[in-house]
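Predicted model, so just to flag it, every value in this text is computed and none were measured. Order of the sequence lines fixes the chain letters, A, B, ..., with proteins taken first and strands second; residue numbering starts at 1 for each chain.
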There are 2 protein chains.
Amino acid sequence: MYKPATIKDIAIALNLSPSTVSRALRDGYEISAGTKKIVTDYANSINYQSNPNALSLKNKRSFSIGIVVPELANSFFSQAIAGIESVAYESGYHTIITQTHDSSTRERTNANHLANRSVDGLLISMSSGTTDYTFLKTLHKNGLPIVFFDRIIDEIETFKVTSANFTGSYNATQSLIKSGRKRIAVLANAPQLSITNERLAGYKKALEDNKMPYNADLIRWCYKGGNDYQEVENAVISLLALTDQPDAIFITSDRISISCIRALKSLNADPNTMAVTGFSNSDVVDLLQPNFCYVRQKAFEMGQIAMQMLLKLIESKYPITEFETRVIDTEYHGMEKEN
Amino acid sequence: MYKPATIKDIAIALNLSPSTVSRALRDGYEISAGTKKIVTDYANSINYQSNPNALSLKNKRSFSIGIVVPELANSFFSQAIAGIESVAYESGYHTIITQTHDSSTRERTNANHLANRSVDGLLISMSSGTTDYTFLKTLHKNGLPIVFFDRIIDEIETFKVTSANFTGSYNATQSLIKSGRKRIAVLANAPQLSITNERLAGYKKALEDNKMPYNADLIRWCYKGGNDYQEVENAVISLLALTDQPDAIFITSDRISISCIRALKSLNADPNTMAVTGFSNSDVVDLLQPNFCYVRQKAFEMGQIAMQMLLKLIESKYPITEFETRVIDTEYHGMEKEN
DNA sequence: CGCATTGTCGGCAACGATTGCATAACTAAA
DNA sequence: TTTAGTTATGCAATCGTTGCCGACAATGCG
């Protein structure tokens, strides 16, 4: 059984009381310099580290924060987590990362576990299946600091960060239209997600500004968010089967973008006939298809901002009532390979 | 301040003693059915969950395990973690995931933090920079169950899982040779990694079996393991600059594979003149380059096996002295696109 | 010299949950 | 009425740490 050294061990070894050792280690004013040196030297020699469980129990502070994301095997989220970690690390916080696989149940149990494991705060990007937010509302009402990033919700008032989904989507669609595309289909993520609706709204607005009709026949929903390849392939097939075939596909999510490209390839669709533009943070997307234009989210930066917001919530001495929703702009990567 | 309900809260609300509540919740034999029902009903109604910190402190069991990997934004590791989680989840364990970014220091602090946070065990894949294993040896000697996966080390005797790196590498090289390649260069990961040496050994053996000379001029080391694109590009440039240019490149790691393909593309290398084969678990690798052959590791499976081994270590009542190193075979994906 | 101040340090209690042991209330038998 | 036996509940200690209070000696000052 693994058993690290405790303050008590040090106290016995040095013939001191546990409280004296504790204060010596924390550099308390009441301990003489001599005793401090003896204690810290001995502590270092046995590689003493305080027990975080005991500290959490006593102080209700764990200096660790919980992260709940749908999927680690997703470039956007792993990049965002890297951003979160970079800020957390230099502020002395550790991160506990959990994934939900877009399951509402896993999301709830993970969030509850983290809360009870006394994390000091929670960073969460909602899973696509969740419609009932009461578990989060309860945690939040009980005082757990929560910051939403990317997939945010309106139902809870707190700090939030998300991408300029509307604008990114609008620009991408504009670009497709300018290149002469007339019938632009959409592969959309689950409709209960904030990002899906914003991205769809940007698409619609671009059509409208160009006096092009919005055609619901050209929209396909991928409820599994690209986790289910078959769902995407079926959507693509049904688009190709339309009598009045689309000449472009706009995709509102990373995973669906990849699956769509794969589907088009396996169906031998002509890349010139069918333009493809989508959201993607894959680090190889520029190698994928010569004419694949994409919208990239600033994932790392978003993670950093989310963590900074959470720190503000955690370390504020007075309850915060003014909340901000930051919107990070996106990068559009068009046909010209400038990189 | 977030403050979950405690057993004491229940005791006061129900006018019972904390011990009675505790025993009722744990279904102790000494509590009447009536009291049990009252207690459990009330506990459910306020969504009571026991405090894991208190339990860990008392029982020295946290039912959570620590994971230390170099990089989350790496398909192999995110897939392996998914495998770990699948087993952990159904055994009632939570996972705490940390990444080292291939920094030896981060690795040490992460491992120590996890150990002190009283995880019941550790799953680790070594970062490329680490050469001093004393911190792990100390933890292991103190009784912390550790299982190594993928990037394993000899210095600590315990359960380990890794891929059939030698065979996978041998077969891939064989395949290159059979397709007529004569001068096969290598982009190798950091030389202190177990996987690098095994993969290089497989390459050498294939050359030997085909009576081809091993030429150290054709080997390039990428110490940053592909995290530094420039390092890879420089290696590729120097290979292309050889008077006797190689006609193939074999790559021992995922990230380096991607970077190499990108470098070749940006240098306008002819894919027919220069065959590329490498290890990769990227889920889009089949879309990348028409003639890119690759070796895929069974990451998910490896994660599952590692977690099962760790469970065996944790839950064994007697100290285990017989350890096993499992070797998982790899999949070779050649030119014929069968998928 | 007497009293207050300062500097060091130890003891106790508490954080939340569990558990061995003691004890209370009660029934049934002597 | 007393005693044994059963059932239900409370007390106190424990895990590692720290806040609070009190003990004690050395020192300063009037």
Side-chain angles (χ1 to χ4, degrees), chain A residues 1-40 42-43 46-63 112-113 115-120 142-143, chain B residues 1-40 42-43 46-63 112-113 115-120 142-143:
Chain A
M1 179 72 82
Y2 181 67
K3 204 177 161 334
T6 72
I7 267 190
K8 217 181 271 182
D9 297 332
I10 301 179
I12 293 170
L14 264 39
N15 203 24
L16 290 169
S17 82
S19 22
T20 304
V21 174
S22 169
R23 268 175 296 236
L25 291 173
R26 315 198 86 241
D27 203 23
Y29 68 97
E30 2 180 30
I31 306 298
S32 70
T35 312
K36 270 180 194 166
K37 183 160 168 41
I38 294 172
V39 171
T40 50
Y42 183 75
I46 61 169
N47 193 28
Y48 166 80
Q49 282 184 264
S50 65
N51 182 320
N53 283 311
L55 281 178
S56 300
L57 188 58
K58 188 104 179 73
N59 304 333
K60 294 145 136 214
R61 277 296 290 279
S62 62
F63 284 99
N112 281 329
H113 174 82
N116 270 64
R117 181 127 191 141
S118 69
V119 293
D120 298 339
N142 287 348
Chain B
M1 178 71 84
Y2 180 67
K3 204 177 162 335
T6 72
I7 259 190
K8 215 181 273 181
D9 298 332
I10 300 179
I12 293 170
L14 263 39
N15 203 27
L16 291 169
S17 81
S19 30
T20 304
V21 174
S22 171
R23 271 179 283 242
L25 290 173
R26 315 201 88 241
D27 203 24
Y29 68 97
E30 3 181 29
I31 306 297
S32 71
T35 313
K36 272 180 192 165
K37 184 159 167 41
I38 293 171
V39 171
T40 51
Y42 182 75
I46 61 168
N47 193 28
Y48 167 81
Q49 284 183 262
S50 66
N51 182 320
N53 283 312
L55 284 179
S56 300
L57 191 57
K58 184 113 180 64
N59 304 332
K60 294 148 113 205
R61 277 296 291 279
S62 62
F63 283 99
N112 281 330
H113 173 82
N116 269 65
R117 179 126 194 142
S118 69
V119 293
D120 298 338
N142 287 347

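Taking atom CG of residue A:Asp27 and atom P of nucleotide C:dT8, one finds them 13 Å apart after rounding to whole Å. In this structure, A:Asn59 places its CG atom 17 Å from P of C:dA14, rounding to the nearest Å. Distance A:Lys8 NZ to D:dT14 P: 8 Å, rounded to the nearest Å. In this structure, OH of B:Tyr29 is placed 10 Å from C1' of C:dG20, rounded to the nearest angstrom. Between A:Asn51 atom CG and C:dC15 atom P the separation is 18 Å, expressed in whole Å. Rounding to whole angstrom units, NZ of residue A:Lys58 and C1' of C:dC12 are separated by 11 Å. Atom CZ of A:Arg61 is separated from atom C1' of D:dG19 by 17 Å (rounded to the nearest Å). Spacing between atom CD1 of B:Ile31 and atom C1' of D:dT6 amounts to 14 Å, rounded to whole angstrom units.
Distance check: B:Ile7 CD1 to B:Leu16 CG gives 11.0 Å after rounding to the nearest 0.5 Å. Distance CG/B:Asp120 to CG/B:Asn59: 10.0 Å, rounded to 0.5 Å. For the atom pair A:Tyr48 OH and A:Leu25 CG, the distance stands at 6.0 Å (nearest 0.5 Å). Distance CD/B:Glu30 to NZ/B:Lys36: 9.0 Å, rounded to 0.5 Å. Between the OG1 atom in A:Thr20 and the CD1 atom in A:Ile31 there is a gap of 5.0 Å [rounded to 0.5 Å].
Contact annotation for B:Ser22: base contact, defined as any heavy-atom pair under 4.0 Å involving a base atom. Nucleic acid contact for B:Arg23: base, since at least one base atom lies under 4.0 Å from a heavy atom of the residue. Within 4.0 Å (heavy atoms only), B:Ser56 reaches no atom of the nucleic acid at all. Residue B:Ser50 is classed as a sugar-phosphate contact, given heavy-atom separations below 4.0 Å to backbone atoms only. Residue-level contact check: B:Tyr48 touches the backbone only, with heavy atoms under 4.0 Å from sugar-phosphate atoms and none from bases. Contact annotation for A:Thr6: backbone-only contact, meaning every heavy-atom pair under 4.0 Å involves sugar-phosphate atoms and none involves a base. Using a 4.0 Å heavy-atom distance criterion, B:Thr20 is classed as a sugar-phosphate-only contact.
At distances below 3.5 Å, at least one donor-acceptor pair connects side-chain atoms of A:Ser56 with backbone N or O atoms of A:Pro52.
Distances from the side chain of A:Leu16 to the nucleotides C:dC9, D:dT9, C:dA17 place C:dC9 closest. Among the nucleotides C:dT19, C:dA17, C:dC9, the one closest to the side chain of B:Ser19 is C:dT19. Relative to the side chain of A:Ser17, the nucleotides C:dG10, C:dA17, D:dT17 differ in distance, and C:dG10 lies closest. Ranking D:dT14, D:dT9, C:dT8 by closeness to the B:Thr35 side chain, first place goes to D:dT9.
Between B:Glu30 and B:Asn53, the residue anchored nearer the 5' end of DNA chain C, judged by the nucleotide with its closest heavy atom, is B:Asn53. Of the two residues near DNA chain D, B:Asn15 and B:Leu57, the one whose nearest nucleotide lies more 5' is B:Asn15.
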Evaluation steps, side-chain contact (heavy atoms from CB on, under 4.5 Å), between A:Ile46 and A:Ile10: CA-CA 9 Å; A:Ile46 61 169; A:Ile10 301 179; 4.0 Å; yes
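A:Leu57 places a side-chain heavy atom less than 4.5 Å from the side chain of B:Asn51.
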Listed pairs, N/O of protein and of nucleotides 24-28 of chain D, under 3.5 Å:
none

